[in-house]
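Inspection log for the structure reproduced underneath, given as C-alpha cells.
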Amino acid sequence: MWRDLAPVGRFEATGGYRRYSYGAAELECRAWFAEAAAARGLSLDADANGNLWAWWGDPAAGDAVVTGSHLDSVPDGGAFDGPLGVVSAFAAVDLLRARGFKPAKPIGVAAFVEEEGARFGLACLGSRLLTGAIDPAKARALSDGDGVTVAEAMASAGLDPALIGRDQSRLDRIGVYVELHIEQGRAQVDMDAPVAVGSAIWPHGRWRFDFDGEANHAGTTRIEDRVDPMLTYANTVLAARKKAKLAGALATVGKVICEPNGTNAIPSRVRAWIDARAAAEDTLASVLAGLEQATHERASRDGTTVTVTRESYTGEVAFDLAMRGRLAGALKERGFGEVPVLATGAGHDAGVLASSVPTAMLFVRNPTGVSHAPGEFAEMADCLRGAEALAGVLEDLAR
Ligand code: HGY
Ligand code: MN
Ligand code: MN
Ligand code: MN
C-alpha cells in the first residue's frame with residue numbers, strides 16, 4: 001500500500017512532496033484512497049466538502065469509530081505527515097480482519113482535504129468545513145498563488161462548491177475520531193517510545209504582515225531617500241525570532257511575496273506570513289502584541305506602513321481525557337506498556353474535530369524529529385508498531 005502511494009507527488013529534484021489540494025498529485029492520492037477502499041470492500045464516500053471516507057460497515061448505524069488524517073502536503077514536505085495516518089488506518093483494518101474481528105460499530109477511514117493549507121492558505125479546510133468552523137462563502141473565495149479560488153479548484157475536480165459547509169449528517173455518524181500521525185519533533189526519541197498518545201495541541205495561528213513602501217530605482221535612489229518595505233520586513237523577522245525565543249514560543253516566517261520582485265528595483269510591497277505557536281494562549285497573544293508594536297515602531301522610522309491581518313487561529317486543544325484513558329488502557333492490554341503522552345505544536349484535523357466529537361491522537365516516533373521537509377522519516381518497525389497500536393485502539397472502541 002505504502003509503495004503505491006509513496007511516489008505520488010514526490011518532486012525528484014528535492015525529494016520533497018508537492019501534493020496540493022485538487023492538483024494532479026493530490027487527485028492521484030484520492031484515486032489511491034478509492035483503490036485502497038475498493039480493495040477492502042469498504043464503501044467509498046466522497047463528501048461535498050472534499051473529504052474522503054471509506055466505511056467498514058454501514059455508517060448510517062452511527063456511533064462510528066473513525067480514524068484517518070490527510071493526503072496533502074506542505075511545499076516539499078515529507079512522505080509521512082498525513083499519509084502515515086491514512087495508510088495506518090487501512091493497515092489497521094487489515095489487521096483486525098485477519099484476526100476475524102467483527103466490529104459492533106461502523107469503522108471509517110477518513111482523509112481530510114487541505115489539512116496543510118498549503119494551496120489556499122487556511123489549514124484544516126476540510127475538517128473546518130465539516131464542523132462548520134469556517135463560513136462556506138469565505139472558504140469558496142480563498143485563492144491560491146495563481147488566483148484560483150477554492151470554488152474553481154473544487155469545480156475542476158468535479159465537486160459543487162455551492163454544497164460546502166457544516167455536514168451534520170456525517171458528523172452525526174461519528175462516535176469517536178482517532179488520528180495517527182508521525183511525531184513532528186523528537187520527544188518520543190528522548191522517551192524511547194515508538195508510540196505515544198496526544199494530550200494537547202498548542203494554540204497556533206497565521207498572521208499576514210503587509211509592508212508597504214515606495215517602489216523606486218535601485219541604482220539612482222539615495223539610501224536616505226528610500227521608503228523600503230524590505231527594511232521593515234527584515235527587522236520584523238529578527239524581532240519575531242527574538243520575541244518568540246524570549247517567551248519560549250515559536251514564530252516562523254516561511255512565506256514571503258515581494259512585489260514587484262525585481263532585482264534592480266526597491267519593492268513597493270513585501271507580504272510575509274508569520275506562523276506563531278505557544279504552549280499557552282496568553283503567551284502567544286503577548287508575543288504577537290509585542291511584535292506588532294515593534295513592527296509599527298520600526299515602520300514609523302522607515303516611513304513605511306504595516307498592516308497585520310490574523311488569517312487563522314486555533315486555541316489550545318486538550319484531547320478528551322476519557323478517550324486518552326481508553327487508548328492508554330487498550331494499548332496496555334495489548335503489550336504496549338505505559339504509553340507516554342505528549343503535547344504538540346503541530347496542528348491536526350483532530351484538533352478541529354475535537355470541538356465536535358471525542359477525539360484522540362496517536363503518534364509514531366520520528367528518529368530525527370524533522371518534518372515539513374524531505375528528510376521526514378519514520379522507521380518501518382515503528383510504523384508497524386503504530387498500525388498495531390491503532391488496530392488495538394479501534395478494536396477496543398468498536399467492540
Ligand atoms: O502546520 C501544522 O502544524 C500541521 O502540520 N498542519
Ligand atoms: Mn503538516
Ligand atoms: Mn499532518
Ligand atoms: Mn494534521
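Read the numbers this way: they start at 1 and go in the same order the structure lists the ligands and their atoms.
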Item to check | Contacting atoms of ligand 1, where contact means under 4.0 angstrom from a heavy atom of Asp81 | outcome: 5 (O)
Checklist entry - Hey, which atoms in ligand 1 end up nearer than 4.0 Å to a heavy atom of Glu115? => result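 Ligand 1 atoms under the 4.0 Å threshold to Glu115: 4 (C), 6 (N).
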Checklist entry - Below 4.0 Å from any atom of ligand 1, is there a heavy atom belonging to His372? => result yes
Checklist entry - Charged N to carboxylate O under 4.0 angstrom, Arg170 versus Asp45? => result yes
Checklist entry - Do Glu183 and Arg365 sit within salt-bridge range, that is, some charged N less than 4.0 Å from a carboxylate O? => result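 Answer for the salt bridge query: no.
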Checklist entry - Can you check side chain to side chain donor-acceptor pair (under 3.5 Å) on Arg269 and Thr307, steps first, answer last? => result CA-CA 11 Å; Arg269 163 173 280 190; Thr307 312; 5.6 Å; no
Next on the checklist: To check you understand the geometry: which heavy-atom pair defines the closest contact between Val287 and Ala247, and what is its length?
Outcome noted: CG2-CB, 3.5 Å
Item to check | Pairs touching residues 194-243 that satisfy ring-ring contact (aromatic ring centres under 6.0 Å, His included), sequence neighbours left out | outcome: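 Residue pairs passing ring-ring contact (aromatic ring centres under 6.0 Å, His included), neighbours aside: Phe211-Tyr233.
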Next on the checklist: For the aromatic rings, using the six-membered ring if either is Trp, is the centroid distance between Phe80 and Trp2 under 6.0 Å?
Outcome noted: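 That pair passes the under 6.0 Å test.
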Item to check | N, O or S atom within Asp81 nearest to the Mn ion (ligand 3), by name | outcome: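 Relative to the Mn ion (ligand 3), the closest nitrogen, oxygen or sulfur of Asp81 carries the name OD1.
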Item to check | Contacts of type salt bridge (charged side-chain N to carboxylate O under 4.0 Å, His left out), residue Arg208, not counting sequence neighbours | outcome: Asp210, Glu311
Checklist entry - Any N/O/S atom, backbone or side chain, of Glu116 lying under 2.8 Å from the Mn ion (ligand 2)? => result yes
Checklist entry - Any N/O/S of His372 under 2.8 Å from the Mn ion (ligand 2)? => result yes
Next on the checklist: Using heavy-atom distances only, which candidate in Arg277, His348, Gln184 approaches atom 2 (C) of ligand 1 most closely?
Outcome noted: Arg277
Checklist entry - Is any N or O atom of Ala346, backbone or side chain, closer than 3.5 Å to an N or O atom of ligand 1? => result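 Min N/O separation from ligand 1 is not below 3.5 Å for Ala346.
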Checklist entry - Quick check: does His348 put an N/O/S atom under 2.8 Å from the Mn ion (ligand 3)? => result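 Of the N, O and S atoms in His348, none lies under 2.8 Å from the Mn ion (ligand 3), which means no.
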